[in-house]
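Report on the structure given below.
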Amino acid sequence: MEKFDHQKIEKETQKYWEESGIYTTDLSETKKDPYYLLFEFPYPSGDLHIGHWYAFALTDIFARFKRMQGKNVLFPMGFDSFGLPAENAAIKHGVNPREWTYANMDRMRAQVKSMGTSVDWSKEVVSSDPEYYRWTQWLFSKLYEHGLAERRNAAVKWCPKDQTVLANEQVTDGKCERCGTEVEEKTLTQWFFTITKYAKRLLEDLDALPWKEEIKDAQRAWIGESKGAKLSFPVKDTEVAISVFTTRPDTLFGSTYVVLAPEHPLVGELLSRTKNKEDIENYVSQVKKKTERERLENKEKTGVLLEGIDVINPATKELIPVFIADYVLASYGTGAVMAVPAHDERDYVFAQKFSLPVKQVLVTEAPVPYTGSGVLQDSGEFSGMSSEEAKEAIVKFVEGELTTNYRIRDWLVSRQRYWGCPIPVVYDPEGTPHIVPSEHLPWLLPEDVDFTLSGKSPLATSKELKERVTTLFGEGWTPEYDTLDTFVDSSWYFLRYLDPEDVHDFSDQALMKKWLPVDRYSGGSEHTTMHLLYARFFHKALYDLALVPTPEPFNERMNRGLIMGPDGQKMSKSKGNVVNPDEFVQKFGADAVRMYLAFIGPYNEPGNYPWSLDGVVSMRRFLDRIVWLSGRLVDEEPDAALRKSLSQASTKVATDTERFKFNTAISSLMVLVRDMDGYEKLSKAAYKDLLLFLAPFAPHLAEHLWKTVGGTSSIHLESFPHYPDGVEETEMTIIVQVNGKKRGEITVPVDATQDVVEKGAETIPSLATLLHEEQVIRKIYVPGRILNFVINKN
RNA sequence: GCUGGGAUGGCGAAAUUGGUAGACGCGCCUGCCUUAGGAGCAGGUUCCUUCGGGAGUGGAGGUUCAAGUCCUCUUCCCAGCACCA
């Protein structure tokens, strides 16, 4: 059998698409419904692997399908081109990060085109272009003006390998999310976005989003709401008090000591009043030396008593001791807790170790510590109350404050790295920060820097930057040397796609009104509590500043799965199991590779699929078969049987593609092709419909074959074939069961009554004997489907 | 530990409201055609079987004429969170 020349076809069709400009979206057009389909813009790492195909080419199937459904589809792409790898490559190979990055992008553009994607390149956005990052800087200044960006001293995570601070989200199990190095804790003055101010809305607005529960739940867990109260424990003989956060004010009468985090600001203040100053200082410095991981792994509680300091339990008025211990986190709540050893596991363990009194204030038979709720005892006038009632009553009694705490921390956006967006801030001689006025934007990244790792911001080595600041602002003024977390760049890129050339604004208000929120956003599940959360926050902040028209950036979201190496392991260079798609594309064609990836499983479930060569071969075989069919076309209308096959395929492909079940959509195409294979003379009209079904999946071949059957313009401008009423059936198949087990089937006219069906069923030979001998108790008939005889088993 | 998701052939997976379990594909088996191509064609392929049938969707119960699907208990796997007061 003759095989088609995929290389020639791909080259021709890609050239035709590029010249005809059919994928350029007119954003202002009003006749069609706008449909914004977004995928996460990639980092230009240089090596395009099979995972990129999975991300881009499969989203492209959906873009093409939506176009054929008559939508005005915006399907853009760009590059998240700031970031560490460029800088590391620069250090390792002595190349300029900019040159490295921009060369990679050129290569990747060509590769993405080779997949047969219908990306509208006229909307391309590159986050490291000064004309892009000027607006990142401008948006930063807007957040700053409204108190959403602030500079403060705080305990932060530090990656010793990458030599930069990290946001909380970029640390997993105490390790740097990027390089896996154990992070350290440092107290530094850094820039933060106050995402915690939006915690409540980020949480509440999730309810209305049409996302999968698993994605929403992961965000809910990350935001981590807990309702409780702030209570004040006065320090004896002073004016100060220790404020604690607790979710269990009902157990206040059982609080027998108070614990401060080692980094708590009061520690310094109280130090002079203690009798064991040295011990305390030793403990605090010891804690500081530990990595995050060491603190987590050491479940053994450590701590030190503040000798000579007592605080007053506001409920019992008793004097209780104060400890410093690293099981209390400075960054959560007030950085101090009231310890109730009888009703909290951690407090109990600590109390055992330091021989502290354990006072039970809930009636329970359960062994201490009992952490559930119950009825109070030994709690003064509140004894006998339920935990629920007592919570509010006790907070009122001690003049506390009901509050809600969130687990999420403010987003640390400073990075001590070179290849990022410069933070548009300068400092006056007193050290007060000032935003760089918009007339000086873009605030360019200096070129004369030494970006070898020193632990300090590379920008500090730039003479040009210092001179620039002195010239523009005056003697004694200094620049900010840190750059922004690249997640800031990616928090708004999808707004820029709507108006990428705009020199007066970050995007166009009218177009945003028309196109936002993004209809569907496809990406990786690793971004659930990173990019997806940041972008929602950023968008809400811009919404509050009346800069964007919607409170949420994305409507539907789908997380795709992962293509594993042929060994079933996650692909990585170090394991040597990275699959380079180029070889397969060359041998079997881009269409076969696309279709195989689409066929391996449902696209919207983040499963893991091992790459297999055999699958691509079979997909190529399937495409060959479609080409062979073109040799037996006749100018005839399809017969009834074929019309039925076409109708079924049309429904199945449309509904499955809509739900990202590309695997079953393709399987129904295979069934259709098998049916067509049964015709020695095949209706050309039917074959044309097959090509239309195929077009989103195998865009090159469909385009090529379309021309051979008389198509004059691109197949990708055609409508998806639709069979509104299906095909009229004359017969139906009824499954015959005995006691719920299938025993046979009969075919009857569609208008057959139950009687007719029963008569027919009784003539089935194997059933006839069965029904004769046994007593039929009941007959259940589900019209058009099932006839079930219930017989007496004896 | 908490939260969420899941478990279906040798493998990837299908299965509207409970109504033919295993579509489609891989792999494997048999045969054909050819010849050495990661080929093509036809048929078979859940398991067991004395070829009549019997069993079967992680396990044990239950509801129902009928359960992969609903309920209860349970085991294991994956993901997220985790000293968060």
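Per chain, numbering begins at 1; letters A, B, ... match sequence-line order. In this text, all values refer to a predicted model and were calculated from it rather than measured experimentally. What you see below is based on every heavy atom in this structure, not just the backbone, and it leaves out hydrogens, waters and symmetry mates.
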Looking at every strand, decide which applies to A:Phe599 at a 4.0 Å heavy-atom threshold: base, sugar-phosphate, or nothing.
base

To the nearest Å, how far apart are A:Leu562 CG and B:rC78 P?
15 Å

Under the rule syn = chi within 90° of 0, otherwise anti, which is B:rG53?
anti

Taking only N and O in the side chain of A:Asn663, is any of them less than 4.0 Å away from OP1 or OP2 of B:rG25?
no

For B:rG19 versus B:rC70, give the span between their C1' atoms, rounded off to a whole number of Å.
14 Å

Could you measure between the two P atoms, the one in B:rG10 and the one in B:rG4, and give it in whole Å?
32 Å

Full working for salt bridge (Lys or Arg N to Asp or Glu O under 4.0 Å) between A:Asp326 and A:Lys288:
CA-CA 10 Å; A:Asp326 68 357; A:Lys288 275 191 180 158; over 6 Å; no

Nucleotide nearest A:Tyr609 when distance is taken to its side chain, options B:rG25, B:rA13, B:rA23
B:rA13

Return the 5'-most residue of the pair A:Thr172, A:Arg409 with respect to RNA chain B, ranking by each residue's nearest nucleotide.
A:Thr172

Indicate, with yes or no, if the rings of A:Phe323 and A:Phe350 have centres closer together than 6.0 Å.
yes

Atom CE of A:Met619 to atom P of B:rG12: distance rounded to whole Å?
16 Å

Regarding A:Ile600, tell me which of base, sugar-phosphate or nothing describes its non-hydrogen contacts under 4.0 Å with the strands shown.
sugar-phosphate

Nucleotides 1-11 of chain B: protein proximity per nucleotide (B base, S sugar-phosphate only, - neither; heavy atom, under 4.0 Å)
---S-------

Does the distance from a Lys or Arg side-chain N to an Asp or Glu carboxylate O, for A:Asp347 and A:Lys301, drop under 4.0 Å?
no

Expressed as a whole number of angstroms, how long is the span from A:Asp656:CG to B:rA13:P?
16 Å

Below 4.0 angstrom, N of the basic side chain to O of the carboxylate: do A:Lys175 and A:Asp173 qualify?
no

Is it the case that A:Arg407 places NZ or CZ above or below the six-membered ring of A:Trp222, under 6.0 angstrom from the centre and within 45 degrees of the axis?
yes

A:Arg674: salt bridge (charged side-chain N to carboxylate O under 4.0 Å, His left out) partners, not counting sequence neighbours
none

The criterion is side chain to side chain donor-acceptor pair (under 3.5 Å); which residues satisfy it with A:Lys353, sequence neighbours excluded?
A:Glu300

Please lay out, stage by stage, how A:Arg621 and A:Asp624 fare under the test salt bridge (Lys or Arg N to Asp or Glu O under 4.0 Å).
CA-CA 5 Å; A:Arg621 199 147 54 210; A:Asp624 281 330; over 6 Å; no

Under the side chain to side chain contact (heavy atoms under 4.5 Å, CB included) test against A:Leu597, which residue among A:Asn663, A:Ile50, A:Ile61 passes?
A:Ile50

Can you name the closest pair of heavy atoms from A:Ala261 and A:Val267 and give their distance?
O-CG2, 3.7 Å

Answer yes or no: side-chain N or O of A:Lys779 and base N or O of B:rC65 forming a donor-acceptor pair under 3.5 Å.
no

Find every protein N or O atom lying less than 3.5 Å from an N or O atom of nucleotides 18-21 of chain B, and list the pairs.
from	atom 1	to	atom 2	distance (Å)
B:rG19	N2	A:Gln737	OE1	3.3
B:rU20	O2	A:Lys742	NZ	2.8

How many Å lie between CG on A:Asn608 and P on B:rC77, as a whole number?
16 Å

In whole angstrom, give me the gap between the P atoms of B:rU69 and B:rG56.
13 Å

Can you tell me if A:Ser645 and A:Asp675 form a side-chain donor-acceptor pair at under 3.5 Å?
yes

Quantified in whole Å, what is the C1' atom distance between nucleotide B:rC77 and nucleotide B:rG43?
38 Å

With a cut-off of less than 4.0 Å, is there a side-chain N or O of A:Arg407 near OP1 or OP2 of B:rA82?
yes

Can you tell me how far P of B:rA82 sits from CD of A:Glu225, to the nearest Å?
17 Å

Inter-nucleotide P distance (B:rC29, B:rC47), Å rounded:
14 Å

When we call it a touch if two heavy atoms are under 4.0 Å apart, what does A:Val328 touch: a base, just sugar-phosphate, or nothing?
base

Per atom distances to the A:Pro602 side chain, the nearest of B:rA13, B:rG38, B:rA85 is B:rA13

Distance in angstrom units between A:Tyr406 OH and B:rC81 C1', rounded:
17 Å

With respect to the side chain of A:Asp344, which nucleotide from B:rC83, B:rA85, B:rA23 is positioned closest?
B:rA85

N/O (side chain, A:Tyr596) to phosphate O (OP1/OP2, B:rG25) under 4.0 Å
no

Could you give the distance separating B:rC48 and B:rC41 at their P atoms, to the nearest angstrom?
30 Å

Are A:Trp411 and A:Phe192 an aromatic pair, judged by ring center distance below 6.0 Å?
no

From CZ of A:Arg659 over to P of B:rA14, roughly how many Å is that when rounded to an integer?
10 Å

Charged tip of A:Arg620 within 45° of A:Phe4 ring normal and under 6.0 Å
yes

Could you measure between the two C1' atoms, the one in B:rC76 and the one in B:rA66, and give it in whole Å?
30 Å

Expressed in angstrom and rounded to an integer, what is the separation of A:Leu597 atom CG from B:rC24 atom P?
22 Å

Ignoring backbone atoms, test whether A:Arg220 places a side-chain nitrogen or oxygen under 4.0 Å from the OP1 or OP2 oxygen of B:rG80.
no

Closest to the A:Tyr327 side chain: B:rA15, B:rG38, B:rC83?
B:rC83

Run the salt bridge (Lys or Arg N to Asp or Glu O under 4.0 Å) test on A:Arg632 and A:Asp677 for me, step by step, so that the C-alpha distance in whole Å, both residues' side-chain angles and the decisive distance to 0.1 Å come before the verdict.
CA-CA 10 Å; A:Arg632 39 173 128 152; A:Asp677 218 8; 3.0 Å; yes

Write out a two-atom table: protein N or O, nucleotide N or O from nucleotides 41-46 of chain B, distance below 3.5 Å.
from	atom 1	to	atom 2	distance (Å)
B:rC41	OP1	A:Arg625	NH2	3.3

Output yes when at least one side-chain N/O atom of A:Ser226 is less than 4.0 Å from OP1 or OP2 of B:rA85, else no.
yes

Mind checking the P distance from B:rU8 to B:rA13? Whole angstroms is fine.
9 Å

Quick one: stems involving RNA chain B, counted as three or more successive Watson-Crick or G-U pairs, both distances short of 3.5 Å.
B:1-7 with B:75-81, B:10-12 with B:24-26, B:27-32 with B:40-45, B:46-48 with B:53-55, B:58-62 with B:70-74

For the side chain of A:Phe588, starting at C-beta, report the closest nucleotide among B:rG38, B:rA13, B:rA85.
B:rG38

Expected label for B:rG9 (glycosidic angle, syn inside 90° of 0, else anti) would be syn

Testing the 3.5 Å rule here: is there a donor-acceptor pair between the side chains of A:Asp656 and A:Thr664?
yes

When the ring centroid of A:Trp611 is compared with that of A:Tyr596, is the distance short of 6.0 Å?
yes

What verdict does the side-chain contact (heavy atoms from CB on, under 4.5 Å) test give for A:Ile215 and A:Leu532, after you've listed the backbone C-alpha separation in whole Å, the side-chain angles of each residue and the deciding distance to 0.1 Å?
CA-CA 10 Å; A:Ile215 305 178; A:Leu532 222 47; 4.3 Å; yes

